[in-house]
Amino acid sequence: MKKKPIILGIETSCDETAVSIIQNNGKKPPNILSNIVSSQHNIHRKYGGVFPELAARSHLDKIDLITKAALNKSKIKLSQIDAIAATAGPGLIVCLSVGVNFAKALAIALNKPFIAINHLEGHALSPKLETNLNYPYLLLLISGGHTQYLTVKGLNNYKRLGTTIDDALGETFDKTAKLLGLKFPGGPKIEQYAKRGDPYRFNFPKPILNKGGCNMSFAGLKTAILRSKNLVKTEKDVYDLAASFQKTILEILKKKTEVAIQEFKKKNKANQFIVAGGVAANKQVRKTLKDVCLKHNFKIIFPKEKFCTDNAAMIAVAGLEKFKKRKFNKLNFRVMPRWALDINAKFLKGPGVIL
Ligand code: KG4
Ligand code: ZN
């Protein structure tokens, strides 16, 4: 019997050095043989955000060790790997280059195909690690650098329905946390603090809530928080502000998801909604979106928390999908710091944007 393909996935687009090995499992989701993630949060904490040069150096230091760890854990020899998939964009160019060059070197040494993966496609396909998923589906991608509603029609076939016109949602969580003096990465900290606070204490704006379709804006919210900062004196104030901030985000996501569902329904009979990316790890975000889907008779799927935040298993699964279609890349493929999923979507960032 022919061996089921084994894919090695590499992720180094930002501040996680990650390697995963997965094996195709016929009609079932793939077997995840290993999924190693080494986070650099300790390196970047004192800067309050990712320091690109240090991130790249740390990827360089660790990529071979993490790959060895992934091989050991999976009990797979390099010679058994059928293809090497690596995140080739979007992301920090110095960081992407480490993973892609390492992947290309492995591909040459093993004489196996190299597959360039769009990090966002990794997030979009991440539920395939755990469940069989039919196209089309509605996707909300909420990560540190991206916030988009998309119709996923198939592999490499995306239609953007809405996007943020300024900051990404994860970035908004991180910046708010920084204003409150909470440690990087702020998203999980805000969630933790919000549990103890009064969500009705502060009233924050919800920019473009009732216009612009399912496009979103978070920059005004951040400015309002900056203004409220002088009211934050005690620990209780921090809890209250975190809770009020999170409640505002939940209200925006609720409204915009309802609009996105209506948009999606105009062109599709399917009723599946996937929420992926780091912010999808937030339990209150999950609960709010579950309730919206219940109301609209949509089935909601969240990847497990470890597959929401950056990881290489999602890169490997996107690699496997491309491997099945023999979509390989040449070794002169250049990393793409900007790489949209829907290349036809209008650029909607910056002042003067007309929605
Ligand atoms: O997908 P991801 O790991 O990396 C990117 O591709 O950006 O997302 C990271 C983002 C960070 O902004 C982080 O603060 C946010 O996801 N995040 C959260 C939570 N866990 C991670 N935001 C809110 N609540 C969480 N529990
Ligand atoms: Zn990501």
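Note that ligands are numbered from 1 as they come in the structure, with each ligand's atoms numbered from 1 the same way.
In summary, the atoms of ligand 1 found under 4.0 Å from a heavy atom of G170, numbered by their order in the structure, are 12 (O). Below 4.0 Å from some heavy atom of G145 lie the following atoms of ligand 1, by number and element: 7 (O). Short contacts between ligand 1 and H123, defined as distances under 4.0 Å to a heavy atom of the residue, involve ligand atoms 1 (O), 6 (O).
Considering both main-chain and side-chain atoms, G186 never comes within under 3.5 Å of ligand 1 through any nitrogen or oxygen pair. Residue-to-ligand polar distances keep E16 apart from ligand 1: every N/O pair is separated by 3.5 Å or more. Here's the thing with G277: none of its N/O atoms is less than 3.5 angstrom from an N/O atom of ligand 1. Among the atoms of F173, none of the N or O lies under 3.5 angstrom from an N or O of ligand 1. Residue contacts with ligand 1: G144 is placed with a nitrogen or oxygen under 3.5 Å of a nitrogen or oxygen of the ligand (distance criterion only).
Between F323 and F328, the ring planes lie tilted relative to each other; the angle falls in the 30° to 60° range. F184 and H41 have perpendicular rings, their planes meeting at more than 60° on a 0 to 90° scale where under 30° would count as parallel. Between H123 and H119, the ring planes lie perpendicular to each other; the angle is over 60°, past the 30° to 60° tilted range. Ring-plane geometry between F51 and Y47 is classed as perpendicular, the angle between the planes exceeding 60 degrees on a 0 to 90 degree scale with a lower cut at 30. Note on ring orientation: taking the six-membered ring where Trp is involved, the planes of F273 and Y149 are parallel (angle under 30°, cut-offs 30° and 60°).
Looking at D82 and K112, no side-chain N of the basic residue comes within less than 4.0 Å of a carboxylate O on the acidic one, giving no salt bridge. Of the charged side-chain nitrogens involved, at least one lies within less than 4.0 Å of a carboxylate oxygen, so that K175 and E171 count as a salt-bridged pair. With respect to K178 and D174, no salt bridge is recorded, no charged nitrogen being found less than 4.0 Å from a carboxylate O. At a threshold of 4.0 Å, the pair E235-R196 does not count as salt-bridged, since none of the basic side-chain nitrogens sits closer than that to a carboxylate oxygen. Salt bridge E16/K62: absent, no basic N to carboxylate O contact under 4.0 Å.
Residue contacts with ligand 1 include H119, since one of its heavy atoms falls under 4.0 Å from the ligand. Not a single heavy atom of C14 sits less than 4.0 Å from an atom of ligand 1.
When only modelled atom types and interatomic distance are considered, E121 and Y158 share a side-chain donor-acceptor pair under 3.5 Å. Looking only at atom types and distance, the side chain of K255 has a donor-acceptor partner in the side chain of N210 under 3.5 Å away.
For atom 4 (O) of ligand 1, the nearest protein heavy atom (residue, atom name, distance) is D310 OD2, 3.0 Å. Protein heavy atom closest to atom 26 (N) of ligand 1, with residue, atom name and distance, is E191 OE1, 2.7 Å. For atom 22 (N) of ligand 1, the closest non-hydrogen atom on the protein side is G187 CA, 3.3 Å. Among all non-hydrogen protein atoms, the one lying nearest atom 1 (O) of ligand 1 is G278 N, 3.0 Å. Protein heavy atom nearest atom 24 (N) of ligand 1, with residue, atom name and distance: N282 ND2, 3.1 Å.
K287 is linked by a salt bridge (Lys or Arg N to Asp or Glu O under 4.0 Å) to D291, counting only residues two or more places apart in sequence or in another chain.
Contacts of K283 with ligand 1, taken as heavy-atom pairs under 4.0 Å, are absent altogether. Only the side chain of D174 comes within 4.0 Å of ligand 1, judged by heavy-atom distances. Only the backbone of C308 comes within 4.0 Å of ligand 1, counting heavy atoms alone; no side-chain atom from C-beta on gets that close.
Atom NZ of K222 has more than 12 neighbouring heavy atoms from other residues, nucleotides or ligands inside a 6.0 Å radius.
Inside a sphere of radius 2.8 Å centred on the Zn ion (ligand 2), the protein N/O/S atoms present are H119 NE2, H123 NE2, D310 OD1.
The two residues Y200 and D198 make their nearest non-hydrogen contact at N-OD1, 2.8 Å.
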